[in-house]
There are 2 protein chains.
Amino acid sequence: MNNVRFATSLHILTLLASMPGSYLSSDFIAGSVNVNAAMIRKEIGNLKACGLVESKEGKGGGSTLAKPASAIWLSEVYKAVRQVPVLGKPNTPNPKCPIGRQVNSHLQILYTDMDDYVVEKLSEMTLEEFFKKFN
Amino acid sequence: MNNVRFATSLHILTLLASMPGSYLSSDFIAGSVNVNAAMIRKEIGNLKACGLVESKEGKGGGSTLAKPASAIWLSEVYKAVRQVPVLGKPNTPNPKCPIGRQVNSHLQILYTDMDDYVVEKLSEMTLEEFFKKFN
DNA sequence: TCATACTGTAACAAAAACAATTACAGTACA
DNA sequence: TGTACTGTAATTGTTTTTGTTACAGTATGA
């Protein structure tokens, strides 16, 4: 994961958690995260698809949490932005080599195990708990 | 980690483990991994710097494991190739925002914790154990 | 009903990361 | 001294990621 999406998503969610019930505009959020508002809207689009956020269009619109911060686990945030296994991508090895032929299936297991493990660990903290660390 | 380096390094090490004591050329390894030999030499350069592999130059040269496969943990392979935390990169948020001001330090802790967990988990398997799965 | 303030999304451009390739100097063996 | 290697730099090409602009669509409320 060589990108900024987890950080961005968690930042957005933390902001929303800090003002429960109110609808924050993408402009406002962009000001805090310090990126373009269109990027925020893209990321929010994803969080919506994952059921973490809901939005209202039109004047006075914006986004808010789709459920209480105490019901959002950091693993959900991770799953929302994950694209590639934590250990990276596989090669396309030579099938004529005994090692090359098998390595990807063993690697695959390792990749899946590690991803599961990361998810498990991130299930130990909710957004609420994360937000409580702020003062 | 949106790259192929872990897969490549583990493939190389598995090959070396499969022929303990012999020095494999970068050309041979490249044939199995199915990438350019220069890439293999680069990756081996890194594995050497991490103390996992040793090489001989000149005719008849090549690379071999620097220690027994039973003494190489997969966490060492991960550490050898890791460049970015498993959860990705941080943003540079707005310090004027109370959330923005603090989010990176909390994120940082999360990142470090997750990386430690991954390392811990990968310390549960040695290269020998990984290789034993092949038949 | 019209100005205003939003979202949603597409299209495009720019920057950064990653992978592939070529080339060649240096080293060691036989 | 020819051959077969490593080590490494330089370069290019490709993919991923980020940033930006633009604008149609939607809701509000004066």
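Per chain, numbering begins at 1; letters A, B, ... match sequence-line order. None of these values were measured; they are calculated from a predicted model. As a basis for the values below, the full set of heavy atoms in this structure was taken, side chains included, without hydrogen atoms, waters or symmetry mates.
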Distance in angstrom units between [X] [atom1] and [N] [atom2], rounded:
| X | N | atom1 | atom2 | answer |
| --- | --- | --- | --- | --- |
| B:Arg41 | C:dA23 | CZ | C1' | 11 Å |
| A:Asn36 | C:dA11 | CG | C1' | 14 Å |
| B:Phe28 | D:dA4 | CZ | P | 17 Å |
| A:Arg5 | D:dT17 | CZ | P | 9 Å |
| A:Asn46 | C:dT9 | CG | C1' | 14 Å |
| A:Met39 | C:dA11 | CE | P | 18 Å |
| B:Ile29 | D:dC5 | CD1 | P | 12 Å |
| B:Ile40 | D:dG7 | CD1 | P | 13 Å |

Which part of the nucleic acid, if any, lies within contact of [X], taking any heavy atom under 4.0 Å across all strands shown: a base, the sugar-phosphate backbone alone, or nothing?
| X | answer |
| --- | --- |
| A:Glu54 | nothing |
| A:Asn2 | sugar-phosphate |
| A:Gln83 | sugar-phosphate |
| B:Asn3 | sugar-phosphate |
| A:Ser63 | nothing |

Search all heavy atoms of [X] against all heavy atoms of [Y] and return the closest pair with its distance.
| X | Y | value |
| --- | --- | --- |
| B:Leu16 | B:Ser63 | CD2-O, 3.3 Å |
| A:Met114 | A:Leu87 | CG-CD1, 3.7 Å |
| B:Asn36 | B:Ala30 | C-CB, 4.0 Å |

Pick from B:Ile44, B:Val35, B:Thr8: which one makes a side-chain contact (heavy atoms from CB on, under 4.5 Å) with B:Ile29?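 With B:Ile29 as partner, side-chain contact (heavy atoms from CB on, under 4.5 Å) holds for just one option, B:Ile44.
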Under 4.0 Å between a side-chain N or O of A:Ser25 and OP1 or OP2 of C:dC6?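 False: A:Ser25 side-chain N/O out of range (4.0 Å or more) of C:dC6 OP1/OP2.
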Respond yes when some side-chain nitrogen or oxygen of A:Ser26 is under 4.0 Å from OP1 or OP2 of C:dT7, and no when none is.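 Checking C:dT7 against A:Ser26, a side-chain N or O does come within under 4.0 Å of OP1 or OP2.
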By nearest nucleotide on DNA chain D, pick out whichever of B:Lys89 and B:Gly45 is the more 5' one.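 The answer here is B:Gly45.
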DNA chain D: A:Asn34 or B:Lys42, which has the more 5' nearest nucleotide?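 Here B:Lys42 is the residue nearer the 5' end.
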Could you list, one pair per line, each protein nitrogen or oxygen that sits under 3.5 Å from a nitrogen or oxygen of nucleotides 27-30 of chain D, together with the distance?
| residue | atom | partner | partner atom | Å |
| --- | --- | --- | --- | --- |
| D:dA27 | N3 | A:Lys59 | N | 3.3 |

Pair A:Lys79 + A:Glu76, salt bridge at N-O below 4.0 Å: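 Salt bridge: no.
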Can you name the residues that form a ring-ring contact (aromatic ring centres under 6.0 Å, His included) with A:Tyr23, not counting sequence neighbours?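 Testing A:Tyr23 for ring-ring contact (aromatic ring centres under 6.0 Å, His included), a comparison that skips the adjacent residues, returns none.
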Mutual orientation of the aromatic rings belonging to A:His106 and B:Phe134 [parallel < 30°, tilted 30-60°, perpendicular > 60°]: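 Taking B:Phe134 first and then A:His106, their aromatic rings sit tilted (interplane angle of 30° to 60°).
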Donor-acceptor under 3.5 Å (B:Asn34 side chain, A:Thr92 main chain):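 Confirmed, B:Asn34 side chain pairs with A:Thr92 backbone.
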From C:dT22, C:dG8, D:dT18, pick the nucleotide closest to the side chain of B:Ala38?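 For the B:Ala38 side chain, the nearest candidate turns out to be C:dT22.
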